[in-house]
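All values below come from the heavy atoms of this structure, side chains included, with hydrogens, waters and symmetry mates left out.
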Amino acid sequence: MTNSLPTDTDTAPKRSKALLPLDLIRGFLIGSAELVPGVSGGTIALVTGVYDQLIDSAAHVVAAAKTLVTGPKRVSGALAELRRTDWFLVIPVLLGMAAAVITIAGVMEGFVTSKPELSRGLFFGLVAASIAVPLRMLPARSSRQPVLLGVLAFIAAAALAFWMTSLAGGADVENPPLIAVFFVASIAICALVVPGVSGSFFLLAVGMYSTTLRAVDSRDFGYLGIFMLGAILGLAVFVNILKYFLHNHRWWALIVMAGLMFGSLRALWPWQSSAEVGADGEEHGAGGLLAPVDPVLGPILLAVLGAAVVVILIVVEAKSASSKDEAGGADSSGA
């Protein structure tokens, strides 16, 4: 997508209420992606064109909470930060994410475990095509951003993601200590907001993926409450770091994001050998990479479908941005 770099103002940019249904769908897609090991909700936010706005809004909410606790001008300062938050985007996206987690957690786990080649094929195509998104968002390169170093950063990020996804195969932990749930959630949420890094795959690596989905499916509110508190802490710490890099080192940040997305394809290669069997008798994490074996046609067709969806979204966004630019140019010339 062609998101321009957001700027801080006294109030959030006015968002059309007509976009509410679309933002609900965006949230549903982001939430659905986080249920799939190897797919990052941040990737879907990038593809659907709301990544920068969500990161900026999250940073304003964190700043409001910090100001309310530490000051100065606790109440007025916190309210000022909250006015900068794009609530007409944030609330529908959060509602959509919650709807996805509540309604399809069990279904998604069943699809991923019972049809692994098909599910990986679909998301392989989606993520592979999505690599074009951060690359299209790159700002003009300066002399401080040599091409060779950019290529090396891309390769290093891809290698890191490839290595991280190969680790995901921990045995399932049936009853993890709540303190472990808290800290695992604080790390997993950081993976959620970075394109190419899957929070679900981190949960797999520490053996808490199936445990967490079962907690959602069975409405284990004690487990979910601790998980949510950990996620809030992790997000509060990490989101400002990410915002800093997007605003001050945008070219490098987007290059690294593209590399992470490329490396994460290792987890989504449709044909893999059997992964480690956990305590629940089910396979967890990534197996070894194999040449295409039966089934072949289904994963390939679904990969093409996933890629086609992303390409369509990119084309629609490009045409929309072009129309806005033309309208802005016409207004300027008319004035």
Shared hydrophobic cluster for [X] and [Y] (ILVMFWY, side-chain gaps under 4.5 Å):
X	Y	result
I179	F227	yes
V239	L68	no
L301	L126	no
L24	L20	no
L95	I102	no

To the nearest 0.5 Å, what is the distance between [atom1] on [X] and [atom2] on [Y]?
X	Y	atom1	atom2	result
I30	L46	CD1	CG	9.5 Å
R250	W252	CZ	CH2	15.5 Å
F28	T103	CZ	OG1	4.0 Å
L29	M97	CG	CE	11.0 Å
L260	F162	CG	CZ	14.0 Å
N240	K243	CG	NZ	7.0 Å

Is the closest side-chain heavy-atom distance between L246 and I55 below 4.5 Å?
->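 L246 vs I55: side chains touch.
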Should T43 and Y51 count as side-chain neighbours, where that means a heavy-atom distance under 4.5 Å?
->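 No; the side chains remain at least 4.5 Å from each other.
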Side chain of W269, backbone of L290: donor and acceptor closer than 3.5 Å?
->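 Checking the backbone N and O of L290 against the side chain of W269, a donor-acceptor pair under 3.5 Å is found.
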Kindly say whether P270 contributes a backbone atom to a donor-acceptor pair with the side chain of R120 at under 3.5 angstrom?
->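 Yes.
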Mind listing the closest non-hydrogen atom pair of [X] and [Y] along with its distance?
X	Y	result
L138	L254	CD2-CB, 3.6 Å
P176	V181	CG-CG2, 3.8 Å
L265	A128	CD2-N, 3.7 Å
L302	L118	CD1-O, 3.4 Å
F182	L229	CE1-C, 3.7 Å
S57	V90	CB-CG2, 3.5 Å

Holding to side chain to side chain contact (heavy atoms under 4.5 Å, CB included), I want the full list of residues that pass it with [X], two or more places apart in sequence or in another chain.
X	result
P295	E117, P299
L89	R15, D23, V50, Q53, L54, D86, V93
V296	W271, P292, I300
I187	F202

Sole residue of L135, V133, L242 in side-chain contact (heavy atoms from CB on, under 4.5 Å) with M257 =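 Answer to the side-chain contact (heavy atoms from CB on, under 4.5 Å) test with M257 among L135, V133, L242: L242.
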Who else is in [X]'s hydrophobic cluster (ILVMFWY, side-chain heavy atoms under 4.5 Å, direct or via others)?
X	result
L19	L22
I232	M228
I241	Y244, F245

Determine, step by step, whether V62 and F238 satisfy the side chain to side chain contact (heavy atoms under 4.5 Å, CB included) criterion, reporting the C-alpha distance in whole Å, the side-chain angles of both residues, the deciding distance to 0.1 Å, and the verdict.
-> CA-CA 10 Å; V62 170; F238 186 69; over 6 Å; no
For T212, side chain to side chain donor-acceptor pair (under 3.5 Å) partners two or more places apart |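 Checked T212 against side chain to side chain donor-acceptor pair (under 3.5 Å); matches are Y223.
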Could I get the full list of side chain to side chain donor-acceptor pair (under 3.5 Å) partners for E81, not counting sequence neighbours?
->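 By the side chain to side chain donor-acceptor pair (under 3.5 Å) rule, E81 matches H60, R84.
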What residues form a ring pair (Phe, Tyr, Trp, His ring centres under 6.0 Å) with F123, not counting sequence neighbours?
->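 Listed in chain order: nothing, the list is empty.
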Could you pull out every donor-acceptor pair under 3.5 Å between side chains of residues 143-159 and any protein atom, sequence neighbours left out?
unit_1, atom_1, unit_2, atom_2, d
Q145, OE1, S142, N, 2.8
Q145, OE1, S142, OG, 3.4

If you look only at pairs with a residue in residues 67-76, which of them pass as a side-chain hydrogen bond (donor to acceptor under 3.5 Å, both in side chains), with sequence neighbours excluded?
->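 Listed by first then second residue: nothing to list.
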Decide if atom CZ of F88 counts as having more than 12 heavy atoms of other residues, nucleotides or ligands within a radius under 6.0 Å.
->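 Counting other residues, nucleotides and ligands, CZ of F88 stays at 12 neighbours or fewer.
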Take M137 and D52 through the side chain to side chain contact (heavy atoms under 4.5 Å, CB included) test and state the conclusion after the steps.
-> CA-CA 11 Å; M137 293 169 61; D52 280 305; 3.6 Å; yes
